[in-house]
Peer 1: 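My structure is below; once you've seen it, I'll send some questions.
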Amino acid sequence: ACGKSNNNSASPSTSSSPSETSSASETPVTPSGEPISAIYFVNSMLGDKSFFDSAQAGIQKAVKELGIKAKTVEGGSNAADWAASLESLVSSGNYNVVVVGTSQMSDITKDLAARYPKVNFIFFDEVIEGVPNVYSMLYSQSEGSFLAGAFAALATTSTELKGANPEKVIGFVGGMDIPIINDFKSGYEQGAHYVDKDVKVVASYIGDFVNAPKGKEIGLAQINSQKADIVFSVASAAGLGTLEGANEKGVYSIGVDANQNPLYPGSVLTSMLKNVDQSIFRAIELLQKGELKLGTNEVLGMKEGGVGLAKDELYEKYVPQSIRDKMKEIEDKLSTGDITVKSSL
Amino acid sequence: MPILLEMKNIHKVYPNGTVANRGVDLNIHEGEIHALVGENGAGKSTIMKILFGLEAPTSGMIEYKGQAISFEGPRDAIKHGMGMVHQHFMLAPSLTVSENIVLGDEPKKGFMSMFRDRAKEFNEVERLISTYGLKVNPQAKVETIPVGQKQRVEILKVLYRGAKLIILDEPTAVLTPQETDELFDSIKALVSEGHTIIFITHKLREVMQISNRITVLRAGKTIATLNTKDTNQEEISRLMVGREVLFRVDKIPAEPKDVVLSVRNLEALDDKGSLALKGISLDIRGGEVLGIAGVEGNGQTELVETITGLRKAGAGQIIYQGKELLGTSVAEIRRLKVGHIPEDRQTSGACLTSSIAENLILDQYRNPEFKRGPFLNKKKIKLFAKTMMEMFDVRAQNEDIMAGALSGGNLQKVVVARELSKNPRLLLASQPTRGVDIGAIEFIHREIIKRRDGGAAVMVVSAELSEVMALSDRIAVLYEGEIVAVLDNSPDLTEQEIGCYMLGVKKQEQEVAR
Amino acid sequence: MKSSRAIYLEVGGILAAVFTALLCGFIVILFTSSEPFTAISALLLDPLSSTFNIGTILNKAVPLILTGLALSVVFQSGVFSMGAEGQLYIGAFVGALAGVYLPVMSPWIHMPLVLICAMIGGALYGAIPGLLKAYLNASEIVTTLMLNFVAILTTSYFVNNQFKAANGGGYARMENISKDILLPKLFPGMNAHAGILIALLAVVVVYLLMYKTSIGYELRLVGKNGHFARYGGIATRKVIVVSVMISGGIAGLAGIVEILGIHQTFKENFSASLGFDGIIIALLARNHPIGVLIAALFYAYIQVGAQTMQFGSDMPREVAVIIQVMLVLLVSAQAIFTYLKQRYAKTGQKAVK
Amino acid sequence: MVWQTIWGQIVDLSLFAVLLRLMTPILLAALGGLISDIGGVINIGLEGLMLMSAFTSIAVGSSTGSWVVGVLAGVGVSMLVSYGMGFFSLKMKVDIIITGFAVNIFGSGFTIFLMSKIYGLTGNYSPSGAPRIPLVKIPFIEDVPVLGKLLSGHSLMVWIAVLSVFFCLFLIYKTPYGVHLRSVGEAPYAAQSLGIPIKRIQYSALAWSGAFAGLAGAFMSNGLTNMFVKDMTAGTGFLALAVVLLGNRNPIGILIGSIIFGLASALATIVQTVPNSPIPSQFIQMIPYVVTILALVFFALQNKRRLATLA
Ligand SMILES: Nc1ncnc2c1ncn2[C@@H]1O[C@H](COP(=O)(O)OP(=O)(O)OP(=O)(O)O)[C@@H](O)[C@H]1O
Ligand SMILES: Nc1ncnc2c1ncn2[C@@H]1O[C@H](COP(=O)(O)OP(=O)(O)OP(=O)(O)O)[C@@H](O)[C@H]1O
Ligand SMILES: [Mg+2]
Ligand SMILES: [Mg+2]
């Protein structure tokens, strides 16, 4: 599923408490004598071209550049299997580092971490604090979506973009009507309204994360019936249909989680990134050096590079200078804290 | 006459181990009508299926026109000019008559003969119908036509394929006397056209009437082959059963008592929604048998179903022992000691995939006698079944075998046993001996009369006029949903007279059959 | 009632089928794996190699046994319901509501109450297609397939709105159910939960119900021959409704047991089509409760085998799925059994001659 | 607001176009289901067949650069697998429903497996510039105001689907094959006794259903979208199965059933885009399913009433 992610309880701004960082130095780190043997457990399947794949890329980078050993295991879509699967992997004793993520795994991970204190856990996309062998990272998707919303609001009335119309309508296509997707939506709306109070956000849901034809149909309906001219699709694989529909109609879209700009150059103007790969690579690197602050959580927002918009050469090429400038401005304000984004979770 | 077909020492063991044929010899002359008789389960259908390529013989040999043959399937048999009308209809109900007739060998036209040639199909079928006088509407869907016509469709199917040797497996079991006569006319016409007929039946009268020669099977073996003109019914039945058989039902005159069932102005719809009973009134007393005569489809089915609560009545009254039955559930009616032998034992009368025991306790499994706490008392049920099987001479290995494995006659005995086991006050018997061999007929008839003598009111519905006349004390004739006559079954009552009422030629001015 | 010889044949047939299926699987593995023998042993042996894995098999078997039972009951009454999935969601949802919102009481009362609520929920939801089938003759395949979607979407709505846990995170769930009414582990240190006991009990109850009581007799009779049943005075329509409701109740139980044993509270989309797996289980078992037990354990075993193979070798999970499919197909291949029976019948005959 | 939006869509005929697109895969798959159902081999595996065709057609289409080759390959693979279903159910005597479920599981797993082996991808495959089933623009009519939008600009597969209805009518009622098929499904012993090769007919019925399911699958990856996404059929095969039964087992009924379902889905799609709609999204998504049940109940009641008024 798309961006399987999120923080469970704590709000992003309070989750990293400095007092706990001191305990990190006492926490046993993988001794340099014992090489890292990592298991990356996907509580779904790979191939979402976004979230889980991105984590996988981070692992692979670590294998290549840091020389660790790693195996990736797909837990499948049956949530009932995950706990047992992960435990059977951990209990095999073959792995000393577990990389795993999403709020759906947090209880399972806490439970396992307590019972296997010798194994270190790198946990992403959710807060786990106070468990001495777990380091967790949280991506602020509402901040990222804020950027996407601001971008869309700028694009929808742009005269420089040929596909844009004067109507101030932007689209949001979610996979399912569930809290995490609605956190994206909330950030998106905040961003759009930050730019222009009058922008209307049309939101629809596909009902699952695989039905690409339906994703496309819903995107088209927003474009046709509501005159949306830019659509933010947060629906994993099904969202690809939405992007295709926008491209066909000659209007615009915003990708999600990974850089989807190259899918339809000129139509996918940008993508909201969660830099899962880099953050995981960084965590493994720190762990190897013995510098990882186990037992704590870090919120990775715009400032920390955890989220952001995909700015590649396509972005440079297709997005008008004025919008790019304006976005820069907004990003700076987010970094400095002039703008705060509320999470709906 | 030259020999057309010879089957020598045929054995057949079904995969489940049943030995159906253990040495059947059969020779058929060209141009004859050859009757094949034997008790239920004697192996008649099996030997014909072997001949027609539907079953492979376990051993034995077949010569046809002087050549040894072995068929892979019916297709080969058809190619050799054989045709078979099966004991149970082999028709696709939602297809039309003509579609059924030409099925598998349709006239074709168009590019690469891809399409049906409807016009040619129609002409061919019309031609056959008029040539052999087998009247039926070619455009009607088979599910809508009466059984007699279905039988004709089966024969037309065979003729359409140009069969020279035609096997008819109990073709008259479901026909009225009139229909049977018509069929016999057609059969005679066929023979004069150069066809050869193998004819299976349980009705010895028909055997005598139409066949040239007779082969008798018993327990899977050929017992004898006789010339019809050299033998008589008594001899044939002795050969079939292995003992003397009585043809008359010995009964003392009835002693009617109080009225048990009284029906007034009963109306009911048939399954298609048209009025099938148009104000029936009749009385049955304890200790008498009321026979219902009539050509099938004149409301018999609906009458019995309405009395037993299976069908909703539109209007009228059904008073049983002073109590109104309308609106009472089937279960309740059964509890009131109404026994019902249904006309169709295969679908209504029995569950073929359940054991004999389960069939026998159909309406008694809630009886505290057969329960132990919340559970069924298997032991008692078994014991009950064993007793019943013994009492009613049901021949089967044990009470646990599936009802579907029984021969027709034995299955009917199971049905009769169940319905009689609770000593009914009212017994409704529809076609109680259809397709049953003479030994079993004798037995069932005796049982029915026993109940009458015990004081039960009995209603017998049968398409077999001889059966109605043999059992009844009074006979009511049903025509188009009305009772057109009520006759006392005196010795001078003739089949002809009843026949006139059955065909609607005559009508009595009488309101109630009392 | 079957002779012991027939049972030997049946077992022999199943073994032959399993053997053939594994052979097919091995061939696939040989062509696609660089460590075929590791993969094969991971597939076959690893599921039984630790109490942990055995526990996993049991846990996976629990909902399969229950949904398999649920479907075997309706199938026997001649109703081809595909609705266990929806009934399971409704049952789990209602049960979880009872688990979360009922006032505090002794777990000895609370837990059974939760189970009963789930069964009632599933049964009532099952009544809808049952009534439509019995009184309007509306195809139960259509209604149940559609009602599955309706159930999943409805529970999704409520768990995302009225009954959403405040700190549920990105995926909506209800408040956690109090620990003392969750199903405990079977033995300390083993991960199998006590749901297996409920499932076994259900097998016994369904067996007794179907084969030893008058209701079971009615149900089976209606399925085998509705005309006959009606002729015998059985209220066939009521029986159909009752059978679908019993089935729905068991499906609901499957749902709540999965919640209390694994998920700890109602979560959106928690069932990975357990209701549909139940159809396969019931068909594999030819609708017999004991067969359901065996088929479900077998199915769980190969599913866990597929996982251990993926964990322990270079085989992707999809290959494991293909082997699983082969196993299911071949084990249910009647032709193998008929062939054996005929072989046996032939040799038996020769012996007689 | 809701009505305005819907009305707007009806007036400018977009609803009609959406309806056509949404109903086409269901219609095609349901026709496939119909033929096998008539032949007495109910095909629960439509979903798996569609997935396999969807993957094959885009994979072959993009590598050969021809959508025709792609679609044909998809249909071919789907027919091959349905032939395999025949092997297991007719020869090995596996319950046809188990066989169908097996094909569904297999279709999902095997497409992902192939995708990862061939392209190293596991989630989706969207080749850029892959050919797709063309839209049919009808000259002249295209420019007529209402008629143009009504008739022109639809995918070729939409037309194929509609024509397939007539093709099936023809096949089932006008050819000897059709009569054989019906007799095999309804009275196999009767058919057998006349020497009709039951098994061969049932194999062919499954092959037909494979062919139509194949077209439906190819349309999903080559027409509706231009990509393959794992499990992208998302239950369409089961909806088609429901339509087979809803449509009273005849092609026209199936057309009507597909239209009802397509219309309900189209409305659900459009209603969802109304800003700040008071109806929760889950209930909007439910519309097609509820409508299907209501349609079934409606037809059942009508049947009952017809019987009652006959009296
Ligand atoms: N397909 C079958 N499998 C197993 N046993 C069978 C099969 N068909 C018939 N039998 C058994 O073979 C025996 C002979 O049956 P067959 O149908 O030939 O009798 P029949 O003489 O035609 O009897 P009836 O007069 O009742 O029609 C019976 O015991 C019957 O139960
Ligand atoms: N299972 C059935 N199949 C066909 N027709 C039926 C069936 N059940 C009832 N009918 C018809 O509908 C009529 C209604 O009968 P009745 O109301 O007694 O049925 P019931 O099953 O007892 O109903 P209920 O369950 O509501 O009490 C019957 O006379 C019969 O013609
Ligand atoms: Mg605009
Ligand atoms: Mg016979």
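Sequence lines set the chain letters: A, B, ... in the order given, protein chains first and strands last, and positions in each chain run from 1. Heavy atoms only: backbone and side chains are in, while hydrogens, waters and symmetry mates are out.
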Peer 1: Quick one about B/Ser354 and C/Lys224 (side-chain donor to acceptor, distance below 3.5 Å, no hydrogens or angles considered), yes or no?
Peer 2: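 There is such a pair (donor and acceptor under 3.5 Å, judged by atom type) between the side chains of C/Lys224 and B/Ser354.
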
Peer 1: Which atoms of B/Thr308 are under 4.5 Å from chain C, going by heavy atoms: the side chain, the backbone, both sets, or neither?
Peer 2: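 Neither part, no heavy atoms under 4.5 Å.
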
Peer 1: Examine B/Lys12 relative to B/Tyr14 and say whether NZ or CZ is less than 6.0 Å from the centre of the six-membered ring and inside a 45° cone about the ring axis.
Peer 2: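 Yes.
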
Peer 1: Could you go through residues 276-289 of chain C and list every donor-acceptor pair under 3.5 Å that involves a side-chain atom there, pairing it with any protein atom two or more places apart or in another chain?
Peer 2:
unit_1   : atom_1 : unit_2   : atom_2 : d
C/Arg286 : NH1    : C/Glu10  : OE2    : 3.0
C/His288 : ND1    : C/Ile290 : N      : 3.1

Peer 1: Taking only residues two or more places apart in sequence, or in another chain, which ones meet B/Leu54 in a side-chain contact (heavy atoms from CB on, under 4.5 Å)?
Peer 2: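 Counting only residues at least two positions away or on another chain, B/Leu54 forms a side-chain contact (heavy atoms from CB on, under 4.5 Å) with B/Lys49, B/Phe52, B/Pro74, B/His86.
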
Peer 1: So which residue, B/Asn377, B/Thr347, B/Asp344, ends up with the most heavy-atom pairs under 4.5 Å with chain C?
Peer 2: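 Of the candidates given, the most pairs with chain C belong to B/Thr347.
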
Peer 1: Is it the side chain or the backbone of B/Gln364 that comes within 4.5 Å of chain C heavy atoms, both, or neither?
Peer 2: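 Neither part.
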
Peer 1: Measure distances from B/Asn359 to the heavy atoms of chain C and classify the residue's part below 4.5 Å as side chain, backbone, both or neither.
Peer 2: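 When you check distances to chain C, atoms from both the backbone and side chain of B/Asn359 fall under 4.5 Å.
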
Peer 1: So, using side-chain contact (heavy atoms from CB on, under 4.5 Å) as the criterion, who are the partners of C/Met119 when residues are at least two apart?
Peer 2: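 By the side-chain contact (heavy atoms from CB on, under 4.5 Å) rule, C/Met119 matches C/Leu253.
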
Peer 1: Flag this pair as yes if the NZ/CZ of B/Arg425 is under 6.0 angstrom from the six-membered ring centre of B/Tyr320 and inside a 45 degree cone about the axis; otherwise no.
Peer 2: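 No, B/Arg425 does not lie over the aromatic ring of B/Tyr320.
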
Peer 1: Can you tell which part of B/Arg372 gets under 4.5 Å to a heavy atom of chain C, answering side chain, backbone, both or neither?
Peer 2: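 Contact with chain C is absent: no heavy atom of B/Arg372 under 4.5 Å.
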
Peer 1: Closer than 4.0 angstrom, basic N to acidic O: yes or no for B/Asp271 and B/Arg311?
Peer 2: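 So B/Asp271 pairs with B/Arg311 through a salt bridge.
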
Peer 1: So with a 6.0 Å cut-off around CG of B/Leu352, is the heavy-atom count from everything else above 12?
Peer 2: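 Count over threshold, so yes.
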
Peer 1: Tabulate, in ascending numerical order, the residues of residues 197-211 of chain C having at least one heavy atom closer than 4.5 Å to a heavy atom of chain B, or enter 'none'.
Peer 2: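 So the qualifying residues are C/Leu208, C/Tyr211.
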
Peer 1: Is B/Ile333 close to chain C through its backbone or its side chain, or both, or neither, when contacts mean heavy atoms under 4.5 Å?
Peer 2: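 Neither part; nothing is under 4.5 Å.
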
Peer 1: So does C/Arg230 pair up with B/Glu305, basic N to acidic O under 4.0 Å?
Peer 2: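 A salt bridge is absent here (no side-chain N lies under 4.0 Å from a carboxylate O).
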
